[in-house]
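Because the structure is predicted, anything quoted here is derived from the model rather than measured. Chain naming here is simple, since letters A, B, ... match the order of the sequence lines and numbering starts at 1 in each.
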Amino acid sequence: MPNNPITSIQELHDHLYVAMQLEHATIPPYLLALYTIHPDTNPEATRIMRTVVVEEMLHLTLAANILNAVGGTPDLTSPNFVPEYPASLPDGETDFTVSLRPFSCAALDTFLNIERPKKAPTPDKRMIHKGTRRLAFSLQHPGDPKQELAYYSIGEFYEAIAEGLKALGSGGSGSSLFCGDPKKQVGPQYYYSGGASLIEVTNLETALTAISTIIEQGEGFDKGVFNEEGELSHDYRFEQLKFGRYYLAKNAEGKPDTPGHPTGPELKVDWDEVYPTKVNAKLSDYTDYPELSAAAVNFNREYFCFLRLLTKAYNGWPNLLLTDAVPKMFFLRNLMLQLIHVPMPGMTGYNAAPTFEMPSEDITCPGG
Amino acid sequence: MILPVGAMQRTNAEKVGTETYDAVVVGSGIAGAIIASELGKNGKRVLVLEAGEAAGSTLNGYQDYLTRYFATAYKDNQSPYPVNPDVPMPRSTDARKITSGIPVTSGYLVQNGPFGTDTTYTRVFAGTSMHWEAKTPRMLPSDFRMQDDFGIGKNWPIDYASLNDYYEKAERELGVSSDVAVQQDPKLDLKFRPGYDYPMHSIPLSYLDKVVDCGIRGTSVELFGETFELSVRSFPQARNGVPNSAYDNGKGFVPAGAVDTVQSEMGGRCQGNNNCVPICPVQAKYHAGKTLAKALQNPDVHILTQSVASKVVIDENGRVRHIEVKRYHRPSTPEFSTLIVTGKVYVLCTNAIENARLMLASGLQSRNGLVGRNLMDHAYLLSWALMPQDCGTMRGTNCTGGIVNLRNGRFRAHQAAFAADIHNDGWGWAVGSPLYDIRLAVDQQNLFGAELRKELVRRVNRQLLLAFMIDVLPDENNRVSVDPRYQDDLGNMRPVISYTPPEYTMRGAAYARQLAGLVFQRLGAADYTAYDPEDYGYITYEGEGYIIRGGNHLAGTHIMGSSADRSVVNENQRSWEHENLYLVGGGSMPTIGTSNISLTIAALCYKSSEAILKEF
């Protein structure tokens, strides 16, 4: 396989860790956009944002399942797991960063950039050498901070993982690749949406199915608007907000709509019915306001504790997702709304926002 | 669940009269949806008539229901659904104390009494499944043979075993969460096919359920020489929970999400929002729209909304010739056009009151005069208390568990059986909590701000409400009739209700009240139950006063039987007198036992669908 950067188990683990980091990195900006929409307004935009963010949670868990299956250890609490926003997840064409923004056209443009399908012109162009102008997304290599991974697009990144899995998982020694404890797999009973489902990864076949779910639901990658299951990928979901119209899986001609030409019912977006949160708010913005500061610090701590809970759930306690993680997600939503609903003192026209800055010191979480 | 774009517009007022459908189905609730889906799946051309508007068929329409519900101060069963004078609905707020001989006519139901019922049903797209609670216990084998086993009530022409396969189909369609192991109890005698289990696992018991269970374990009661051990058990419910991977020989189960023309991924699992009645914000609760969406995947299934079936017209042989339909132009005005719809088979799927009302308004009371008679509705007796400790009351769903040990036993020869629900929404049903508690804290304790919030949590957190759902037997004097003096805006005759809970039921109620006292005592709970003699539901029995509430489990107005003399429909719900007419739903049930009726209605619809398909 030319140019395949994954030739060892360690490199595979590192890539899968980055995959979890990447899937998670989309959640704070999507959640913030979702929760900045005024209550009882923009129901359609709310539903689209919610569907996408829930599917990102699915992808995060699928990545954890693959990592577990090949003997790795998911850890959402290691330093830098949560990026500092604006975060560098450039897609290659232009240097763009992902920011924590209220629901807006600017936010939507970023989301479209994140999810845009991009295939490298030839397989040997998948990896981009650092320093080239067409820098693809680049994340720090957890094993070796000095080395950086750079891919043409998220899709190419997952293609590389798929090929790495195939290379390492086939042949005589291949059967030993999937040595993870099957008890750590998070099964389909823990996720529900009308779309795809969780896959327990135990061999090459299930690992590849998990990856294709992530790719297809995400940026689509070389497919039409709808996949075989009739589901829309994220970029087309977001595009609908831009066009103000839904894509149809079965249009008047009995065919699926083609990219750029949605023919479904009208979709109204009221861009003004949004809390104008400060873009990429930081704790330092709240220094002079002890109540806001306390609420923001509290949210960050609770979010960190939630990542700790997920880490435990992904390491052999999947039932925690149902008993603890679900109520905690409602709780986190309420803490976020608390901030989002408050106008920033001294900054006319801006509301406060959660900062997603993870505590640097070791903290104690309720329940251990 | 995708409801195809344009599926609601396949026919219209002009086109509908030009063809003869295989089947005309009146009503789009659980029964109508299942029949339409089954017939459509088998290649039949089906027309569904719905009196309500099409509004609830999209996610945006559903969202409007939710918004209306959240914005309404008084959150009764109908609060999410717009008032439509052309299709009026009974509301619990209409119920009034009835003075003997003077009917109460202010609500949609004309009530002759002597008992004033607050029973309701919802006349919108997807029918009463829009507001139902979605509890789905099967009926017990003994419920089908009350006369044989206990010498009271009526036998069904079919038994539990012959419904078993249909119950399984219904549990799949409605998406029932439970576990067979949890439902097993030697006294209840519920038999399941070996190897069968529910599509999804039980909805977990609430903390309140667990506290009550802990407090009453080891308590037993003696009744007519039989001992009953008390315990709390989870109810089967048609709401999305955790799918059972072993279901269907290991194929598993995929829960049905929200209904919309474009969004297929919405609709969650139960999140405990606790406003299951009247509307689930995430469509975790089953509603018939999910089945209608499936039915409408088939291009030969048509639906016409804003269309009120007004007259069933028969020919000289007693066969239905056509149905007259009043199609109103706008809900706000009484202008309508009259349409004639024809089919080979006609299926009335409105509900026990409306099916009877339509038949009687069409002059079809049947030769034995049984149409409209034997009206039944579970009688609810509420008892409420304050627990000695915090119980987390108000965390949903509305009801997860209850005491079901007294659903069956030899005592049923003498007094009604019941199932007791533990309500997770506190004293809401009894006194209107939490508004009731706010009023007390503000008016009597002069609290405000943080103190008010604290006091509210303190009070509500410990509330326990037991709702006893009590068996009601068929009685010909309990009935639906019509009277040309009472008509709605479209000129359709309104239902006139004459009803009183039978003595058998009141004996069960009196015992339920005693049992509540025992349970409260074991829990160390302070009993706050009080029955106001001025209340419309107040009834005295053997010197004690009780308040009985309606259960919205309407049944018995066209009961099934094995002979044309003593029943209205046969075991397939086909009218004895009108060969091409099926009267479907709770009205066909000769007894209701202690099971919420919808699951059994759904099961009966699968049986009827098979029979209807044989007609072609």
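Residue B/Asn244 does not touch chain A at all, counting heavy-atom pairs closer than 4.5 Å. With a 4.5 angstrom heavy-atom cutoff, B/Leu66 does not touch chain A via any of its atoms. Proximity to chain A (any heavy atom under 4.5 Å) is restricted, for B/Ala256, to the backbone atoms N, CA, C and O. Residue contact with chain B, scored on non-hydrogen atoms closer than 4.5 Å, involves the backbone of A/Tyr190 exclusively. When heavy atoms are compared at a cutoff of 4.5 Å, A/Leu322 approaches chain B solely by way of its side chain, counted from C-beta outward. For A/Pro39, no part sits under 4.5 Å from any heavy atom of chain B, backbone or side chain.
In this structure, a donor-acceptor pair under 3.5 Å is present between the side chains of A/Glu56 and A/His234. At a cut-off of 3.5 Å, with distance as the only test, a side-chain donor of B/Ser202 or B/Asp179 sits close to an acceptor on the other residue. In the model, B/Thr291 has a side-chain atom that pairs as donor or acceptor with a side-chain atom of B/Tyr286 under 3.5 Å.
In summary, the aromatic rings of A/His59 and A/His24 are positioned with their centroids too far apart to meet the 6.0 Å limit.
A cation-pi arrangement is present between B/Lys75 and B/Tyr69, with the terminal nitrogen or guanidinium carbon under 6.0 Å from the aromatic centre and inside a 45° cone about the axis.
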